[in-house]
There are 2 protein chains.
Amino acid sequence: MAGRPRSFDRDTALAAAVEQFWRSGFEGTSIAMLTGAMGVTPPSLYAAFGDKETLFAEASAEYFRRTCEGVDRATALPTAREAVARMLEDTARAHTAASTPPGCLMLTEPRLAAQRADVQERLRRRLDRGVRDGDLPAGTPTDRLATFLVAVMRGMSGCARDGGTTEDLLAIAETAMTALPAPQR
Amino acid sequence: MAGRPRSFDRDTALAAAVEQFWRSGFEGTSIAMLTGAMGVTPPSLYAAFGDKETLFAEASAEYFRRTCEGVDRATALPTAREAVARMLEDTARAHTAASTPPGCLMLTEPRLAAQRADVQERLRRRLDRGVRDGDLPAGTPTDRLATFLVAVMRGMSGCARDGGTTEDLLAIAETAMTALPAPQR
DNA sequence: CTCTTTCTGTAGCGATCACTATGGATTGCG
DNA sequence: CGCAATCCATAGTGATCGCTACAGAAAGAG
């Protein structure tokens, strides 16, 4: 029943694919780049991950999973203001980390609009909770605010890809924070 | 001395190339797509515009020229606040115009970082003038503010590419305006 | 008209794209 | 061991990439 075991670690190879797609996007990444980065020959890649689209779906899902961990940690903070501030700071640092490609795969890749909408929705729900908790004034347009914040994070990603530093992105984050309505008193 | 005249209008063909690059970016646009959109065969394209990089340089320069017209109109407004508001509104409408592809070529294309830096610099200079005119408080971090505003516009472009409406982008613009320091009194 | 110059269309160049057929290598099971 | 199952490496599929050689068509100069 059991055949020859595969000679590479699937999770390690997937992580390499994530980084490659992160760096070059879906269209900019060729199978040859993937096999090189993953240390796997084309037939092994196709046997283990399916075609390029399927591999990208799995890689972007893994990326999204990691992203959501950070988002959940941020949204767990006591106030909406702290949650948003943490989220923007995390974004600034993650997009400019030396150990990973600049920018954000999820915010850059055209075909990941659904993931972006998901994050935006999580953000909006946290803002809604902030309104209920009194962190934000009643009547705060949480939907518009969430749309704005996702746009800002997308801009941060682009800035990082253009060579922007952590400080540049943190400055954007701080400036964006001034758009949050002051807490009700 | 004079040979056979070319059978197409160079400016019209260039405009078609601009739109094609605008829609699909540099890497996403093939010569076949360009020749199709421009109504020109490959040898004519190469004779009139050079290779793909050269054509893109000319097309993006043309796009940039049009963009700067709008930027200049906005920066000519009497106050920095009006200038920024106009610029963001123009951006919201331009990125969602029905007659052109969604989003912005200059803000989306990775290789146009120099043009982005140029616009950011123009914006910063207008903000500096605002400080001198008293439109903005003394000590306003105009450089950080300009970086922020370019990031927001880039986010608006991405939002438009994801299907965002003019209203969505105008909401982002309005929210971003609240990050501008109140005028000195 | 001929000659030169320039443009146009066909057709195809080598390279790379995503992807796979084939055959040998490596495992567990009996 | 033999057998079935699974994976690996070579090599190559047709399609498309950016780009161009070639030959015919259309203009002015003489």
Side-chain angles (χ1 to χ4, degrees), chain A residues 1-63 101 105 108-112, chain B residues 1-63 101 105 108-112:
Chain A
M1 258 346 153
R4 174 179 176 176
R6 71 161 54 99
S7 63
F8 59 93
D9 181 67
R10 195 178 186 282
D11 290 342
T12 305
L14 180 60
V18 169
E19 177 164 341
Q20 194 60 57
F21 280 128
W22 189 348
R23 179 168 287 114
S24 307
F26 178 80
E27 303 221 323
T29 300
S30 69
I31 298 291
M33 293 165 75
L34 287 167
T35 56
M38 300 165 77
V40 166
T41 58
S44 298
L45 187 153
Y46 280 87
F49 297 103
D51 66 7
K52 189 186 175 187
E53 297 243 15
T54 307
L55 171 57
F56 178 78
E58 190 170 350
S60 58
E62 165 65 16
Y63 185 96
L105 172 62
T108 307
E109 181 60 43
R111 64 183 62 200
L112 295 181
Chain B
M1 261 342 156
R4 173 176 176 175
R6 72 162 53 100
S7 63
F8 59 94
D9 180 68
R10 195 178 186 283
D11 291 341
T12 304
L14 180 61
V18 169
E19 178 165 341
Q20 193 60 57
F21 281 127
W22 189 348
R23 179 168 288 114
S24 307
F26 178 79
E27 303 220 323
T29 300
S30 69
I31 298 291
M33 293 164 75
L34 288 166
T35 55
M38 300 165 77
V40 166
T41 57
S44 298
L45 187 153
Y46 280 85
F49 297 103
D51 66 6
K52 190 186 173 186
E53 297 244 15
T54 308
L55 171 57
F56 179 78
E58 189 170 350
S60 57
E62 166 64 17
Y63 185 95
L105 172 62
T108 307
E109 181 58 43
R111 63 184 63 201
L112 295 181

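Chain identifiers are assigned alphabetically (A, B, ...) following the order of the sequence lines, protein sequences preceding nucleic acid strands; residue numbering begins at 1 within each chain.
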Nearest to the side chain of Arg4(A), heavy atoms from C-beta on, is which of dC7(C), dC19(D), dG24(C)?
dG24(C)

Who are the side-chain contact (heavy atoms from CB on, under 4.5 Å) partners of Ser7(A), not counting sequence neighbours?
none

For Ala47(A) and Pro5(B), take the nucleotide of DNA chain D holding the closest heavy atom to each; which residue's nucleotide lies nearer the 5' end?
Ala47(A)

Can a donor-acceptor pair be found, under 3.5 Å and without considering hydrogens, that links the side chain of Thr35(A) to the backbone of Ile31(A)?
yes

Of the non-hydrogen atoms in Ala17(B) and Leu55(B), which two are nearest, and what is the gap between them?
CB-CD1, 4.1 Å

Between P on dT6(C) and CG on Leu45(B), what's the gap in Å once rounded to a whole number?
19 Å

For Lys52(B) and dC17(D), what is the distance between atoms NZ and P respectively, to the nearest whole Å?
9 Å

Looking at side-chain heavy atoms only, is the closest gap between Phe49(A) and Thr54(A) below 4.5 Å?
no

For Leu105(B), does its backbone N or O pair with a side-chain atom of Thr108(B) as donor and acceptor, under 3.5 Å?
no

Protein-to-nucleotide contact annotation, 5' to 3' order, nucleotides 9-14 of chain C [B base; S sugar-phosphate only; - none; under 4.0 Å, heavy atom]
BB----

Protein-nucleotide distance (Leu55(B), atom CG; dG18(D), atom P), rounded to Å:
11 Å

Restricting to side-chain contact (heavy atoms from CB on, under 4.5 Å), what partner residues turn up for Phe26(A), sequence neighbours left out?
Phe21(A), Lys52(A), Glu53(A), Phe56(A), Glu109(A), Arg111(A)

Which of residues 11-36 of chain A sit near DNA chain D, with a heavy atom under 4.0 Å from it?
none

Suppose we screen for side-chain contact (heavy atoms from CB on, under 4.5 Å). Which residues come up paired with Gln20(B), at least two apart in sequence or across chains?
Ser24(B), Thr29(B), Met33(B), Leu34(B), Ala37(B)

Which of these nucleotides, dG24(C), dA18(C), dC19(D), is closest to any side-chain atom of Asp51(B)?
dC19(D)

Not counting sequence neighbours, which residues clear side-chain contact (heavy atoms from CB on, under 4.5 Å) with Ala48(A)? List them please.
Arg6(A), Phe8(A)

Strictly below 4.0 Å: does Tyr46(B) bring a side-chain N or O up to OP1 or OP2 of dC19(D)?
yes

